[in-house]
Amino acid sequence: MKKRVLIVEDEEKIARVLELELGFEGYDTEKVYSGYDALEKYREGNWDLILLDVMLPEMTGIELLRRIRSADSETPVIMLTAKDSVEDKVSGLDLGANDYITKPFQIEELLARVRAVLRTKQTDDASVLKAGNLILNEQTREVTRGTYEIDLTPREFDLLVYLLKNMRQVLNREQILNAVWGYDYYGDTNVVDVYIRYIRKKIDLEGHASLIHTVRGVGYVLKVNE
Ligand code: CA
């Protein structure tokens, strides 16, 4: 089913760009230009995400967010704020906005944030495995670290699933080999080290903590170091 995004933005040009781009990405959208129209549309219900401009006629985005959050802590909201307004960002986040993006924004960045917020919303799903900001969806086979999408080969994917399902447990090479390659695999256990290296290269992005740790003389453990 298509995700429904409510666009609240009084600058028609921006609203139209958002409508178009989100449409291309496969979202269902509606756009409104004022605070009261937004409130009415919001109440019609069932939005997967609200993109909310702060500077709006009739009622500010901040006030609108306050009203939404007084009854609903679930629906994700991304605020669109002016570049120099630190105050709006802070009060937006304090009031329970999930994220914000400053204007003028790059559409690719906005789309990445939309995907990230919707993904986090889905993590109650049983097919989703998480370690810090690494999220793996077994059903869609999507893997992401923060806002980055990670491309794994089928074997790398299976190995990462196994590590995530056994989080914080030290696993030796034989265990990993049997679980991921199967008992009928007659190769060297070195293949495990090779694949761990491949995965690390892909998931340990710059600025993100390492997740797979080597336990000398034993094997590997996936954990999030606090
Ligand atoms: Ca505005």
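This structure is a prediction, so every number in the text was calculated from the model and none was measured. Both counts, for ligands and for their atoms, begin at 1 and track the order of listing.
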In the shown structure, where waters are left out, how many protein N, O or S atoms lie under 3.0 Å from the Ca ion (ligand 1)?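 Near the Ca ion (ligand 1), the number of protein N, O or S atoms below 3.0 Å is 3.
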
Using only atom types and a distance under 3.5 Å, with no angle test, would you say the side chain of D72 pairs donor to acceptor with the backbone of T75?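 Checked: pair present.
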
Quick one: list whatever passes ring-ring contact (aromatic ring centres under 6.0 Å, His included) with Y195, sequence neighbours left out.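 Testing Y195 for ring-ring contact (aromatic ring centres under 6.0 Å, His included), a comparison that skips the adjacent residues, returns W181, Y198.
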
Non-neighbouring partners of Y162 that pass ring-ring contact (aromatic ring centres under 6.0 Å, His included), sequence neighbours left out: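 For Y162, no residue satisfies ring-ring contact (aromatic ring centres under 6.0 Å, His included) once neighbours in sequence are set aside.
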
Salt bridge between K3 and E25, side-chain N to carboxylate O under 4.0 Å?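 Between E25 and K3 there is no salt bridge, as every charged N stays at least 4.0 Å from the carboxylate O atoms.
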
Before accepting this row, confirm whether a basic side-chain N of the pair R43/E40 lies closer than 4.0 Å to the acidic partner's carboxylate O.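 Answer for the salt bridge query: no.
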
Remaining members of L52's ILVMFWY cluster at a side-chain heavy-atom cut-off under 4.5 Å?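 Taking Ile, Leu, Val, Met, Phe, Trp and Tyr as members, L52 shares its hydrophobic cluster with L6, V8, V32, Y36, L39, Y42, W47, I50, V54, L56, M59, I62, L64, L65, I68, V77, M79, L93, L95, Y100.
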
